[in-house]
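Quick note on labels: first sequence line is chain A, next is B, and so on, each numbered from 1.
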Amino acid sequence: MNIIFPDGTVKEFPLHSTGKDIALSISEGLARNALGIIVNDVPYDLSRTIDRDAAIRILTWNDDEGKQIFWHSTAHLMAEALEALYPGVKFGIGPSIEAGFYYDVDLPEGIKISVEDLPAIEQKMKELVKADSMFMRREITWEDAMAFFKEKGDEYKLELLEGLKESEITFYTQGNFTDLCRGTHVPSTGALKYPKLLSVAGAYWRGDSSRKQLTRIYGIAFPKKDQLEEFITLREEAEKRDHRRIGKELELFMISPMIGGGLPIWLPNGTIVRRTLENFLRNEQVKRGYQEVITPHIGNLQLYRTSGHYPYYADSQFAPITVDDEEYLLKPMNCPHHHQIYASKPRSYRDLPVRLAEFGTVYRYEQSGELNGLSRVRGFTQDDAHIYCTDDQLRNEIKQVIEITQKVFSTFGMDVSTRLSFRDDNADKYGGDLSLWERAQKEIQDVADEMGLEYYIGLGEAAFYGPKIDFIVRDAIGRKWQLGTVQVDYVMPERFQLEYTGADNAKHRPVIIHRAPFGSMERFLSILIEHYAGNFPFWIAPIQLSILPISEEQHEYARELTVMFESMGYRVKTDLRNEKISRKVAESEQKKIPYAIVIGKREQEMRQVSVREHGVGNIGSKSLEEIQQVFASLMID
RNA sequence: GCCAAUUUAGCUCAGUGGUAGAGCAGCUCACUCGUAAUGAGCAGGUCGCCGGUUCAAGUCCGGCAAUUGGCUCCA
């Protein structure tokens, strides 16, 4: 048979050769490192025979598919260890994930696993690695498979099998452990040299909160020791960037149980950072014809009945407040308020687009287990705006809001992925006319294409009133969060009976764009803190420069410089304590202040400053004019 | 909300049933100093909250709360 390699070369192999044979024909090293083989786009075990001509690709650790095979095999390895240590354990599913794997297990009555038990399981896994058992694939009839798991009493596998009646069923066995599994697996457990179990969590069977909660164990594994060590180091580094930790160290924000979980308090330093970002966006919006408005924190419940948010989202709102027989809601979103502003006077097509912007604080009842630092909170401020425009203007307006969103992310150098969030087939989830939806989705995708955005489509991710473009970023430990969003809405204009008079003197419905480049100030700040690891650029830093006199003789010069920089609008901290200069420098560095201005006898006499850049070190002496120029160049206008 | 863990001084953390500890921060004193932490002293606690077991509880048991890692949900 002919085997076609990725580079296009064709080689003749005997019928029923295996992936291993093919790898060996190239080199022994490759055969040793190979984890699997892609045969005509289907992943095969290396030991599986190939029975006809095929295009192949050998997978190693350097391929993502190779890593998936490696981690999925490690999930089986862990399962074998669990079965040895906890006889009677039942298994749900155990897939590989982006970084590692997990297995959901149902432990025998009365047995619980916590992180403290992980080392023992890990130890057992290492023993099984040494045993170097082959992963053996076996095709089996559905009936035999059912019989096997009935005998074992594993109702989860039986349920999975119910869904596989029409498919080919395969079992994999390594050592004493047999699992229902599609594959693919590494040749033997000996390859899975450096496993590491990471955490334990509860996970509902099949993701359904009405069903039993299983124990999920997360882990990862590497072929080489230094890779595992590097992984552990990276995790430790990431923990140091955690915004909750840096937020405390730099006194940016706090959360007080006395005020309430998920209701963050902005401390003076954090307020500076947040206001600086708000002013940055405010300026950009003024340049683009936005008008800023302010609306109250609560609104009549009737407003949210009209919008359709209540009772649809009643579960995730704070309960209504009753006053004078009227019910009010802490506002879960700003849009209905803005719609009232639009509707407050007759609008002409000549007035459109109307762009109403507000840093509007909203309150949502998030489940207690979901709260997380600044990332997931119950009270947060959206950099919200609603653009009311004609159908003809829609395209340009979408373009402009994408552009302002990109401006935000590029200013901070953040990596974002872009998702077009469209509707799925479940019509109940959405409001409004299907044809309008299709038009809006097409409009969004066309603009995205036109602007050359790299995106993926998320079916079923749309809001109930329309499709969205969502901008998604990762935090320090790799979790994904949605930040900016752009949403097209044909439903609310209808519900609120919004109108404008057209050139034809007839009434028309505007279309609304909801947009928030930062998304939520709280969440954006959480990501920004981790992005910079607290080392904010000069224009954002809560304290921009410290002035550090070497001895008391320079205190007067220090005060003079303080007044000078403060009058120029810079945020200055002057350290007149009776401490050694190295101590003052150390503390300035720890507070991540971008510049330390050191002044001693020499600087005072020559009316200069010695400049130390945070994270860089001493960059030499400068005249007052020079340092002013440096600072001016670091500000964003 | 569910599963698991955690909660001790302002911060980071020791403390496995017998008189609550350390480092840093704070305060006082001395040192007047050239680019990442000068030294000495002092002060600081309802051991998350409520209840139980015990001669005795920070420690064991139960409940509650908050936080953390996940699950579910997310306009």
Asker: Nearest to the side chain of A:Ala463 - B:rC2, B:rA75, B:rG34?
Answerer: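 Minimum distance to the A:Ala463 side chain belongs to B:rA75.
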
Asker: Establish, with yes or no, whether the OP1 or OP2 oxygen of B:rU68 is under 4.0 angstrom from a side-chain nitrogen or oxygen of A:Arg244.
Answerer: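 For A:Arg244, the contact criterion (side-chain N or O under 4.0 Å from OP1 or OP2 of B:rU68) is met.
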
Asker: Could you check whether A:Gly369 gets within reach of a base, just the sugar-phosphate, or nothing at all, counting any heavy atom under 4.0 Å?
Answerer: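 Touches a base.
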
Asker: Using the side-chain heavy atoms of A:Ser582, tell me which of these nucleotides is nearest: B:rC71, B:rC74, B:rA36.
Answerer: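 Closest of the options to the side chain of A:Ser582: B:rA36.
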
Asker: With A:Glu530, which of A:Arg241, A:Arg244, A:His243, A:Arg245 fulfils side chain to side chain donor-acceptor pair (under 3.5 Å)?
Answerer: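 The side chain to side chain donor-acceptor pair (under 3.5 Å) with A:Glu530 is passed solely by A:His243 among A:Arg241, A:Arg244, A:His243, A:Arg245.
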
Asker: Hey, does A:Val200 reach any base, or is it just sugar-phosphate, or nothing, if we go heavy atoms under 4.0 Å?
Answerer: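 If one applies the 4.0 Å heavy-atom cut-off, A:Val200 turns out to touch a base.
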
Asker: Please tell me which of the listed nucleotides, B:rU67, B:rG1, B:rA75, lies nearest to the side chain of A:Tyr204?
Answerer: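 Given the options B:rU67, B:rG1, B:rA75, the side chain of A:Tyr204 is closest to B:rG1.
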
Asker: Quick one: do the A:His514 and A:Asp384 side chains pair a donor with an acceptor below 3.5 Å?
Answerer: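 No, because no side-chain N or O of A:His514 sits under 3.5 Å from a partner of the opposite role on A:Asp384.
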
Asker: Ignoring hydrogens and angles, state whether a donor on the side chain of A:Glu366 or A:Ser316 is under 3.5 Å from an acceptor on the partner side chain.
Answerer: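 A:Glu366 vs A:Ser316: no donor-acceptor pair found between side chains.
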
Asker: Does A:Asn372 have a side-chain nitrogen or oxygen under 4.0 Å from the phosphate oxygens OP1 or OP2 of B:rG69?
Answerer: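 It does, given that an N or O in the side chain of A:Asn372 lies less than 4.0 Å from OP1 or OP2 of B:rG69.
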
Asker: Categorize A:Ile581 for me: base, sugar-phosphate, or nothing, with a 4.0 angstrom heavy-atom threshold over every strand shown.
Answerer: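 Since only primed, P, OP1 and OP2 atoms lie under 4.0 Å of A:Ile581, the category is sugar-phosphate.
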
Asker: Any chance the side chains of A:Ser114 and A:Glu116 put a donor and an acceptor closer than 3.5 Å?
Answerer: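 No.
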
Asker: Of the candidate nucleotides B:rG26, B:rG34, B:rC33, which contains the atom at the shortest distance from the side chain of A:Arg577?
Answerer: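 Nearest listed nucleotide: B:rG26.
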
Asker: Heavy atoms under 4.0 Å, any strand shown: does A:Glu251 hit a base, just sugar-phosphate, or nothing?
Answerer: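 If one applies the 4.0 Å heavy-atom cut-off, A:Glu251 turns out to touch nothing in the nucleic acid.
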
Asker: Using a heavy-atom cut-off of 4.0 Å across all strands, would you classify A:Ala201 as base, sugar-phosphate, or nothing?
Answerer: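 Base: the residue A:Ala201, judged by heavy atoms under 4.0 Å, touches a nucleobase.
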
Asker: Which nucleotide wins on minimum distance to the side chain of A:Asn578, given the candidates B:rC31, B:rG70, B:rG34?
Answerer: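 Selected nucleotide: B:rC31.
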
Asker: Take atom P in B:rG34 and the same atom in B:rC47, then report the distance between them in whole Å.
Answerer: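 One P to the other, the span is 46 Å.
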
Asker: Could you give the distance separating B:rC60 and B:rG23 at their P atoms, to the nearest angstrom?
Answerer: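 It works out to 27 Å between them.
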
Asker: What does the list of N/O pairs under 3.5 Å between the protein and nucleotides 6-16 of chain B look like, with a distance for each?
Answerer:
from, atom 1, to, atom 2, distance (Å)
B:rU12, OP1, A:Lys248, NZ, 3.3

Asker: Is the base of B:rA75 touched by the side chain of A:Ser307 through a donor-acceptor pair closer than 3.5 angstrom?
Answerer: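 Side chain to base: no pair present.
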
Asker: Has the side chain of A:Asp315 got a donor or acceptor atom sitting under 3.5 Å from an opposite partner on the base of B:rC73?
Answerer: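 In this structure, the two groups form no donor-acceptor pair.
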
Asker: If the threshold is 4.0 Å, N to carboxylate O, is there a salt bridge linking A:Asp117 and A:Lys112?
Answerer: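 No, this pair does not count.
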
Asker: Would you indicate, yes or no, if B:rA36 has its OP1 or OP2 atom less than 4.0 angstrom from a side-chain nitrogen or oxygen of A:Arg612?
Answerer: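 Result: yes.
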
Asker: Touch check for A:Leu371, heavy atoms < 4.0 angstrom, all strands: base, sugar-phosphate only, or nothing?
Answerer: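 Counting heavy atoms under 4.0 Å across all strands, the contact made by A:Leu371 is with sugar-phosphate only.
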
Asker: Determine the interatomic distance between P on B:rA22 and the same-named atom on B:rG15; round to the nearest Å.
Answerer: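 Nearest-Å result for B:rA22 against B:rG15 at atom P: 15 Å.
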
Asker: With respect to the phosphate group of B:rA4, does any side-chain polar atom (N or O) of A:Lys112 fall under 4.0 Å of OP1 or OP2?
Answerer: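 Result: yes.
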
Asker: Taking the same atom, P, in B:rU68 and in B:rU8, what whole-Å distance lies between them?
Answerer: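 Straight-line distance between the two P atoms is 14 Å.
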
Asker: Given B:rU35, is OP1 or OP2 found less than 4.0 Å from the side-chain N or O atoms of A:Arg583?
Answerer: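 Checking A:Arg583 against B:rU35: no side-chain N or O falls below 4.0 Å of OP1 or OP2.
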
Asker: Can you say whether a donor on the side chain of A:Arg376 sits under 3.5 Å from an acceptor on the base of B:rC74, or the other way round?
Answerer: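 When only heavy-atom distances are counted, A:Arg376 does reach the base of B:rC74 through a donor-acceptor pair under 3.5 Å.
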
Asker: If the test is side-chain contact (heavy atoms from CB on, under 4.5 Å), which one of A:Val609, A:Ile547, A:Ile550 qualifies with A:Val598?
Answerer: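 For A:Val598, the side-chain contact (heavy atoms from CB on, under 4.5 Å) test succeeds with only one of A:Val609, A:Ile547, A:Ile550, which is A:Ile550.
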
Asker: Can you tell me if A:Arg216 touches the phosphate of B:rA4, counting only side-chain N or O atoms and a distance under 4.0 Å to OP1 or OP2?
Answerer: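 Indeed not, no polar side-chain atom of A:Arg216 lies that close.
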
Asker: Please determine whether ring-ring contact (aromatic ring centres under 6.0 Å, His included) holds for the pair A:Phe538 and A:Tyr570, giving the CA-CA distance in whole Å, both sets of side-chain angles, and the decisive distance to 0.1 Å.
Answerer: CA-CA 10 Å; A:Phe538 185 77; A:Tyr570 295 118; 5.6 Å; yes

Asker: Can you tell me which stems RNA chain B forms when a stem means 3 or more consecutive Watson-Crick or G-U pairs under 3.5 Å?
Answerer: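 Counting only runs of 3 or more consecutive pairs, the stems involving RNA chain B are B:1-7 with B:65-71, B:10-13 with B:21-24, B:26-30 with B:38-42, B:48-52 with B:60-64.
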
Asker: Look at all strands and tell whether A:Gly615 reaches a base, only sugar-phosphate, or nothing, counting heavy atoms closer than 4.0 Å.
Answerer: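 No contact.
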
Asker: Ignoring hydrogens and geometry beyond distance, is the side chain of A:Tyr365 in donor-acceptor contact with the base of B:rG1 at under 3.5 Å?
Answerer: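 Answer no: no donor N or O sits under 3.5 Å from an acceptor.
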
Asker: Using a heavy-atom cut-off of under 4.0 Å over every strand shown, decide if A:Tyr465 touches base, sugar-phosphate, or nothing.
Answerer: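 Sugar-phosphate, backbone atoms only, no base.
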
Asker: Could you work out which one of B:rA66, B:rA75, B:rG69 sits closest to the side chain of A:Arg479?
Answerer: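 The answer is B:rG69, which lies nearest to the side chain.
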
Asker: Could you tell me whether the side-chain ring of A:Phe464 sits stacked on the base of B:rA75, using a centroid cut-off under 5.5 Å and a plane angle under 30°?
Answerer: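 By the stated criterion, A:Phe464 and B:rA75 do not stack.
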
Asker: Taking the six-membered ring for Trp, are A:Tyr103 and A:Phe91 parallel (under 30°), tilted (30 to 60°) or perpendicular (over 60°)?
Answerer: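 Because their plane-to-plane angle is over 60°, the rings of A:Tyr103 and A:Phe91 count as perpendicular.
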
Asker: Using the ring centroid of each side chain, check whether A:Phe464 and A:Tyr430 are separated by less than 6.0 Å.
Answerer: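 Between A:Phe464 and A:Tyr430, the centre distance exceeds or equals 6.0 Å.
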
Asker: Between A:Arg355 and A:Glu397, does any NZ, NE, NH1 or NH2 come within less than 4.0 Å of an OD or OE carboxylate oxygen?
Answerer: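 Here A:Glu397 pairs with A:Arg355 in a salt bridge, since their nearest N and O are under 4.0 Å apart.
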
Asker: Decide if the gap between the ring center of A:Tyr595 and the ring center of A:Phe631 is smaller than 6.0 angstrom.
Answerer: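 Ring-ring flag for A:Tyr595/A:Phe631: true, centres closer than 6.0 Å.
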
Asker: Give the ring-plane orientation class for A:His386 versus A:Tyr388, where under 30° counts as parallel, over 60° as perpendicular and anything between as tilted.
Answerer: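 Tilted: the ring planes of A:His386 and A:Tyr388 meet at 30° to 60°.
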
Asker: What is the nucleic acid contact for A:Arg206, judged by heavy atoms within less than 4.0 Å: base, sugar-phosphate only, or nothing?
Answerer: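 Here A:Arg206 touches no strand at all.
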
Asker: With nearest nucleotides of RNA chain B determined for A:Ile255 and A:Thr215 from heavy-atom distances, which residue corresponds to the more 5′ nucleotide?
Answerer: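 The residue mapped nearer the 5' terminus is A:Thr215.
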
Asker: Can you find a donor-acceptor N/O pair under 3.5 angstrom joining the side chain of A:Gln590 to the base of B:rA37?
Answerer: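 Yes, the side chain and the base share a sub-3.5 Å donor-acceptor pair.
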
Asker: Are A:Phe524 and A:Phe518 an aromatic pair, judged by ring center distance below 6.0 Å?
Answerer: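 Centroid distance A:Phe518-A:Phe524: below 6.0 Å, so yes.
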
Asker: Remember a base hit wins even if backbone is also touched, and classify A:Gly600 as base, sugar-phosphate or nothing at under 4.0 Å, heavy atoms.
Answerer: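 Result for A:Gly600 = base.
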
Asker: How far does the P atom of B:rA4 sit from the matching atom of B:rG45, given to the nearest Å?
Answerer: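 Their P atoms lie roughly 36 Å apart.
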
Asker: Return the nearest nucleotide to the side chain of A:Tyr313; candidates are B:rG70, B:rU35, B:rA75.
Answerer: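 Nearest nucleotide to the side chain: B:rA75.
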
Asker: A:Gln487 near the nucleic acid: base, sugar-phosphate alone, or nothing, with a heavy-atom cut-off under 4.0 Å?
Answerer: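 Sugar-phosphate, no base atom in range.
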
Asker: Would you measure the distance from the P atom in B:rC13 across to the matching atom in B:rC71 and give it in whole Å?
Answerer: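 So the two P atoms sit 25 Å from each other.
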
Asker: With a 3.5 Å cut-off and just heavy-atom distances, do the side chain of A:Glu603 and the base of B:rG34 make a donor-acceptor pair?
Answerer: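 Such a pair is found, so the answer is yes.
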
Asker: When the nearest nucleotide of RNA chain B is assigned to A:Glu552 and to A:Ser114 on a heavy-atom basis, which residue is associated with the more 5' position?
Answerer: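 Going by which nucleotide is closer to the 5' end, it is A:Ser114.
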
Asker: Rounded to whole angstrom units, what separation is found between the OH atom of A:Tyr363 and the C1' atom of B:rA75?
Answerer: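 For the pair A:Tyr363 OH and B:rA75 C1', the rounded distance is 17 Å.
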
Asker: Side chain of A:Tyr218 only, please: which of B:rC2, B:rA36, B:rC71 is the nearest?
Answerer: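 That would be B:rC71.
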
Asker: Sticking with atom P, work out how far B:rG48 lies from B:rC31, rounded to a whole angstrom.
Answerer: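 43 Å, rounded to whole Å.
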
Asker: Roughly how many Å apart are B:rA40 and B:rA36, using the C1' atom of each and rounding to a whole number?
Answerer: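 Each nucleotide's C1' atom is 23 Å from the other's.
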
Asker: With A:Glu159 as reference, evaluate A:Lys212, A:Lys90, A:Arg211 under the salt bridge (charged side-chain N to carboxylate O under 4.0 Å, His left out) test and give the passing residue.
Answerer: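 Result: among A:Lys212, A:Lys90, A:Arg211, A:Arg211 is the only option passing the salt bridge (charged side-chain N to carboxylate O under 4.0 Å, His left out) with A:Glu159.
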
